[in-house]
Amino acid sequence: MTRGGDEGSAAVHVTVAGQTALGEAPPMARDSIFRIASLAKPVVGVAAMLLIQDGALALADPVERWLPELAGRRVLRTLESPLDDTVPASRPLTVEDVLSFRFGFGTIMAPGRYPVADAEGALGLKTLTPPWPPATLTSAEWIAALGTLPLMDQPGERFRYNAGATVAGILIERVAGASLPEVLAKRVFEPLGMNDTGFQVPPGKLGRFTAMYRPGDYPGTENPDPGALTLFDPPGGWYAGPPRPAVA
């Protein structure tokens, strides 16, 4: 997701500095557009709570009503277990589990190799590794792939970052009957005047879009100098094309 520096009535003083890219690039402007990465998560949470306010779903509702791919969950006996060493989930996953990132799957904040992480990487879900390049799966493909994996924890047992946001985005799509970009535009961005926020930068705004760099020690980077910067995503890159549903 990307976010532009929209003029706001609450702004008292604004200072703009720097350039939109390294080298001979235009100077940064008040309305330059940036990738907001994980700040997309609270935005998705707002959209989900608006649907709850509408009565379209409730925090205690089992998500399998809309996401049958997540019914009948199995849970790894231990995080190090092979994928077939599981026990039944103690209960169905709920909307609250997903929104609170306690639905049993997400980032492993510990060193080492884990069979479930290797399997997630092979499926291309992009929730346990750096999110760039973005996942190339559709919503249906992503949630179906997740449904083939066991959970890491029992529902509600542990907070795990990241994966819950993508599940929440797909849940919103199923409940609302529209794509996540459409729901966010109608329910969040347009009412708040967030005119430059979305999952895609249209051609007419690419001139305001900044470049993205990665350090030399970023996973997959061959540059041996950890202090060096390499262009990772130019303005005409990943976010210039049709958006994918996965949430950062």
Side-chain angles (χ1 to χ4, degrees), residues 38 40-41 44-45 48 57 61-181 183 199 219-220 238 242-248:
S38 285
K41 292 176 173 62
V44 170
L57 74 166
D61 285 344
V63 297
E64 62 191 55
R65 173 180 171 186
W66 300 278
L67 303 175
E69 298 91 342
L70 300 186
R73 295 290 75 205
R74 304 284 300 182
V75 183
L76 290 172
R77 194 176 300 276
T78 69
L79 192 57
E80 297 79 12
S81 294
L83 299 187
D84 58 356
D85 184 14
T86 62
V87 297
S90 57
R91 59 171 174 78
L93 305 178
T94 67
V95 173
E96 183 176 2
D97 292 331
V98 171
L99 294 180
S100 64
F101 289 15
R102 293 182 294 118
F103 82 101
F105 198 91
T107 304
I108 301 172
M109 298 291 188
R113 292 287 299 273
Y114 300 88
V116 67
D118 291 340
E120 188 272 353
L123 291 171
L125 300 185
K126 304 292 287 187
T127 61
L128 306 184
T129 58
W132 290 296
T136 59
L137 304 175
T138 65
S139 293
E141 291 168 342
W142 194 95
I143 199 69
L146 179 67
T148 68
L149 297 175
L151 299 179
M152 300 174 183
D153 314 294
Q154 288 289 347
E157 183 178 89
R158 181 192 298 268
F159 171 90
R160 287 195 183 274
Y161 187 64
N162 203 42
T166 305
V167 176
I170 298 172
L171 175 63
I172 289 169
E173 291 185 330
R174 299 275 179 91
V175 173
S179 71
L180 184 61
V183 175
F199 289 91
W238 300 318
R244 290 291 183 175
V247 178

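Note that this is a predicted model, so its numbers are computed, not measured.
- No side-chain heavy atom of Leu70 sits less than 4.5 Å from a side-chain heavy atom of Glu64.
- The closest side-chain heavy-atom distance from Val98 to Leu67 is not below 4.5 Å.
- In this view, Thr94 and Arg91, Glu96, Asp97 satisfy the side-chain contact (heavy atoms from CB on, under 4.5 Å) rule, not counting sequence neighbours.
- Using a 4.5 Å heavy-atom threshold, the side chains of Thr86 and Val75 count as separate.
- Scanning both residues, Leu137 and Gly124, for their nearest heavy atoms gives CD1-O, 3.8 Å.
- For Trp238 against Pro134, the heavy-atom pair with the smallest separation is CD2-CD, 3.5 Å.
- Looking at residues two or more places apart in sequence or on another chain, you find a side-chain contact (heavy atoms from CB on, under 4.5 Å) between Pro68 and Arg174.
- A distance of 6.0 Å separates CD in Glu69 from CD1 in Ile143, rounded to the nearest 0.5 Å.
- No side-chain heavy atom of Leu125 sits under 4.5 Å from any side-chain heavy atom of Thr166.
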Next on the checklist: Between Leu93 and Val167, is the side chain to side chain contact (heavy atoms under 4.5 Å, CB included) condition met? List the steps.
Outcome noted: CA-CA 11 Å; Leu93 305 178; Val167 176; over 6 Å; no
Could you list the donor-acceptor pairs under 3.5 angstrom formed by side chains in residues 103-115, with sequence neighbours left out?
| residue | atom | partner | partner atom | Å |
| --- | --- | --- | --- | --- |
| Thr107 | OG1 | Tyr161 | O | 3.1 |
| Arg113 | NE | Asp118 | OD1 | 3.1 |
| Arg113 | NH2 | Asp118 | OD1 | 3.2 |
| Arg113 | NH2 | Asp118 | OD2 | 3.1 |
| Tyr114 | OH | Pro111 | O | 3.1 |

N/O donor-acceptor pairs under 3.5 Å from side chains in residues 152-159, not counting sequence neighbours:
| residue | atom | partner | partner atom | Å |
| --- | --- | --- | --- | --- |
| Asp153 | OD1 | Arg158 | NE | 3.4 |
| Asp153 | OD1 | Arg160 | NH2 | 3.4 |
| Asp153 | OD2 | Arg160 | NE | 2.5 |
| Gln154 | OE1 | Ser90 | N | 2.6 |
| Gln154 | OE1 | Ser90 | OG | 3.2 |
| Gln154 | NE2 | Pro88 | O | 3.2 |

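- Of all non-hydrogen atoms in Val63 and Val95, the two that sit nearest each other are CG1-N, 3.6 Å.
- Between Pro150 and Val116, the shortest heavy-atom contact is O-CG2, 4.2 Å.
- Judged by distance alone, the side chain of Arg77 and the main-chain N or O of Asp84 form no donor-acceptor pair under 3.5 Å.
- When all heavy atoms of Pro181 and Phe199 are compared, the closest pair comes out as CG-CD1, 3.6 Å.
- Legend: residues meeting side-chain contact (heavy atoms from CB on, under 4.5 Å) with Thr148, ordered by chain and number and at least two apart, are Leu123.
- Nearest heavy-atom pair across Pro82 and Leu76 is O-CD2, 3.5 Å.
- Not counting sequence neighbours, the partners of Ala178 by the side-chain contact (heavy atoms from CB on, under 4.5 Å) test are Glu182, Val183.
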